[in-house]
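Whatever order the structure lists them in is the order used to number ligands and atoms, beginning at 1. Note that the coordinates shown come from a computational prediction; the quantities given were computed from them, not determined experimentally.
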Amino acid sequence: MSFELNVVDMYSDILNIYGDIGNLKCIKKRCEWRGIKFNQKSYSVNHDMDFDYDDIDLILIGGGSDRTQSIVSNDLLKQRQDLENYIENDGVILTICGSYQMFGNEYYDVNGDNISCLEIFDIKTTSQQDRLIGDILIENNLGLEPKEVVGFENHGGRTFHNYKSLGKVISGHGNNDEDNNEGMIYKNFIGTYLHGPFLPKNPHIADYLIFNAMENKYDVDSIEELNDEIELKAHEVMVNRLK
Ligand code: GLN
């Protein structure tokens, strides 16, 4: 049986502040290692929309400065209804930091100016001068092993919501440095503040996204597991450093 994964990276030419494009490279490589045909479309500001959301299996969006978020904002708003439908139809999407923030209702930047958001989720973010920066360790709420998830965060934004969080903060700041939550999960939408890039540091999360995207169209039990011995050793180094 042949497998294909159709991936769209959105705004990676603008929202890639801490190498979040590494998430796309990780998904691509993990598909190639399995013999899964990786079909990539890139979309950004002033690009033609040359794909149908019904054909997408996975969307990846990275993070950015307040300035780049405001550049993306108006274009992202054009995608609002399609993105909301995609999420409600269990479409798999990973949003990192600034893009995570922009799926909410409000984002006030460090100057108190409002950057227009998609208003898909009831999330409010307010940015402060003292940024939340550093390596971060969380325990995931996806039921995945290892339960630990590692990354790097650098955001002024303090995000508050009542959705299921991606994880509980063990070391670091998380959504707002107050409620010990990091990120959010809704259906197959994941928002997180974890850069790193995120997926190469956490192969189990990369496969969670790949398998969830594939199970919408294939019998995923026939997709081979990978030997992640090296990846998990690197992951363990960070876990032990941060515990
Ligand atoms: N500009 C946003 C903030 O400072 C997001 C930063 C990011 O994507 N790393 O909170």
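Remark: side-chain polar atoms of Asp9 are not paired, donor with acceptor, to backbone N or O of Leu60 under 3.5 angstrom.
Considering backbone and side-chain N/O atoms, His155 never comes within less than 3.5 Å of an N/O atom of ligand 1. At least one N/O-N/O distance between Gly64 and ligand 1 falls below 3.5 Å. Checking only distances, Gly156 does come within under 3.5 Å of ligand 1, N or O to N or O.
Here is the list of ligand 1 atoms found below 4.0 Å of a heavy atom in Gly63: 8 (O). Of all atoms in ligand 1, numbered sequentially from 1 with element shown, those under 4.0 Å from a heavy atom of Arg131 are 4 (O).
Contacts between Tyr107 and ligand 1, counted as non-hydrogen atom pairs separated by less than 4.0 Å, involve the side chain only. Residue contacts with ligand 1 for Ser65 involve N, CA, C or O but no side-chain atom from C-beta outward (heavy atoms, distance under 4.0 Å). Under 4.0 angstrom from ligand 1, the non-hydrogen atoms of Asn154 all belong to its backbone.
Nearest protein heavy-atom neighbour of atom 7 (C) of ligand 1: Cys97 SG, 2.8 Å. Nearest protein heavy-atom neighbour of atom 10 (O) of ligand 1: Gly157 N, 2.8 Å. The shortest contact between atom 2 (C) of ligand 1 and any protein heavy atom is with Gln69 OE1, 2.9 Å.
In this pair, His155 and Tyr193 present their aromatic rings parallel. The plane angle is below 30°, not in the 30 to 60° band.
Nearest residue to atom 1 (N) of ligand 1 from Asp66, Val110, Asp109, Ile96 is Asp66 (criterion: closest heavy atom).
In the model, Asp75 has a side-chain atom that pairs as donor or acceptor with a side-chain atom of Tyr43 under 3.5 Å.
Put simply, part of His195 is less than 4.0 Å from ligand 1, judged by heavy atoms. Heavy-atom distances between Tyr193 and ligand 1 stay at or above 4.0 Å for every pair.
For the atom pair CG of Asn74 and CD1 of Ile115, the computed distance is 10.5 Å after rounding to the nearest 0.5 Å.
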